[in-house]
Trainee: 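Submitted below is the structure of interest, expressed as structure tokens.
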Number of protein chains: 2
Amino acid sequence: MNDAFKALSDPTRRKILQLLKEKDLSAGDIADQFDISKPSISHHLNILKQARLVQDERQGQNIIYSINLTVMQEAMGWFLGMIGTKGD
Amino acid sequence: MNDAFKALSDPTRRKILQLLKEKDLSAGDIADQFDISKPSISHHLNILKQARLVQDERQGQNIIYSINLTVMQEAMGWFLGMIGTKGD
DNA sequence: TTAATATTTAGCTTATCATCTAAATATAAG
DNA sequence: CTTATATTTAGATGATAAGCTAAATATTAA
């Protein structure tokens with residue numbers, strides 16, 4: 001949970017998640033969307049993976065990343081608990 | 001929005017928000033809940049304040065902090081947009 | 001005005017993090 | 001088996017951030 005919040009604190013990683021929300025993408029296709037080196041994007045993807053916000057699967061030469069909404073829902077649960085009637 | 005996500009990435013700050021969800025507290029009362037120096041807590045409070053996740057108001061010698069749920073709801077909106085049907 | 005209490009500001013240190021280049025690994029194709 | 005493509009790993013660097021102590025500010029009370 002803490003890993004998820006930390007992962008979400010970076011704008012590049014949030015944008016990656018938004019891209020993956022639309023459709024699964026290879027690491028290279030993701031990197032193409034940013035003015036950041038591929039190794040740096042790979043690093044971001046690894047952080048997202050450790051937080052279990054994304055999953056990856058090799059398909060031939062490519063590694064395809066997809067979003068994992070389960071952890072996202074857990075994080076949203078935190079917000080829901082927070083927004084519940086004040087003082088509960 | 002980015003400030004909010006960054007502020008939420010620290011577990012101490014998330015715990016502060018949970019305390020303030022229960023009731024408004026002075027800076028000192030908040031600091032008493034942690035094994036962290038008062039100046040450090042003050043620093044965390046300032047980050048929460050800049051992200052507009054909390055508000056403060058002086059009451060005599062004390063400064064009372066309260067939670068601002070508006071920004072929290074905005075952050076939750078981000079999650080909702082994320083969790084909507086994949087590919088929309 | 002002086003002393004006590006509450007909180008913040010300043011300055012420093014250490015750790016974490018985002019980024020880069022270069023090199024390594026893995027798969028596919030000639 | 002050699003080359004090309006895709007991605008990651010390694011190692012380094014500069015920036016950001018969390019923590020501390022000491023000092024400053026603000027309010028209250030004597």
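Just so it is clear: chains get the letters A, B, ... in the order the sequence lines come, proteins before strands, and each one is counted from 1.
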Trainee: Any N/O pairs under 3.5 Å between the protein and nucleotides 15-19 of chain D? List them or say none.
Mentor:
unit_1	atom_1	unit_2	atom_2	d
dA18(D)	OP1	R13(B)	NH1	3.0
dA18(D)	OP1	R13(B)	NH2	2.7
dG19(D)	OP2	H44(B)	NE2	2.3

Trainee: Indicate, with a heavy-atom threshold strictly under 4.0 Å, whether F34(B) touches base, sugar-phosphate, or nothing.
Mentor: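 No contact.
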
Trainee: Can you measure Q61(B) atom CD to dT28(D) atom C1' for me and round it to whole angstrom units?
Mentor: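 My rounded result for the distance is 5 Å.
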
Trainee: Ignoring hydrogens and angles, tell me if any N or O in the side chain of K21(B) forms a donor-acceptor pair with the backbone of D88(A) under 3.5 Å.
Mentor: yes

Trainee: Give the minimum heavy-atom separation between S9(A) and N2(B), together with the two atoms involved.
Mentor: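 Looking at all heavy atoms of both residues, the shortest contact is O-OD1, 3.9 Å.
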
Trainee: Count I, L, V, M, F, W, Y as connected when their side-chain heavy atoms are under 4.5 Å apart, and connections chain through other members. Are I83(A) and W78(A) then in the same cluster?
Mentor: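 In one cluster: yes.
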
Trainee: Are the side chain of D56(B) and the backbone N or O of I63(B) linked by a donor-acceptor pair below 3.5 Å?
Mentor: no

Trainee: Using chain A heavy atoms and a threshold of under 4.0 Å, write down where along DNA chain C the contacts begin and end, 5' to 3'.
Mentor: dC17(C) to dA28(C)

Trainee: Is any side-chain heavy atom of D32(B) less than 4.5 Å from a side-chain heavy atom of K38(B)?
Mentor: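 Touching, per the 4.5 Å side-chain cut-off.
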
Trainee: State plainly whether the residues D3(A) and K49(A) are in salt-bridge range, i.e. N to O under 4.0 Å.
Mentor: no

Trainee: Tell me every residue that passes salt bridge (charged side-chain N to carboxylate O under 4.0 Å, His left out) with D10(A), counting only those two or more places apart in sequence or in another chain.
Mentor: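 Per chain and number, D10(A) pairs via salt bridge (charged side-chain N to carboxylate O under 4.0 Å, His left out) with no residue.
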
Trainee: Tell me whether R13(A) contacts the main-chain N or O of K15(A) through its side chain, where contact means a donor paired with an acceptor under 3.5 Å.
Mentor: no

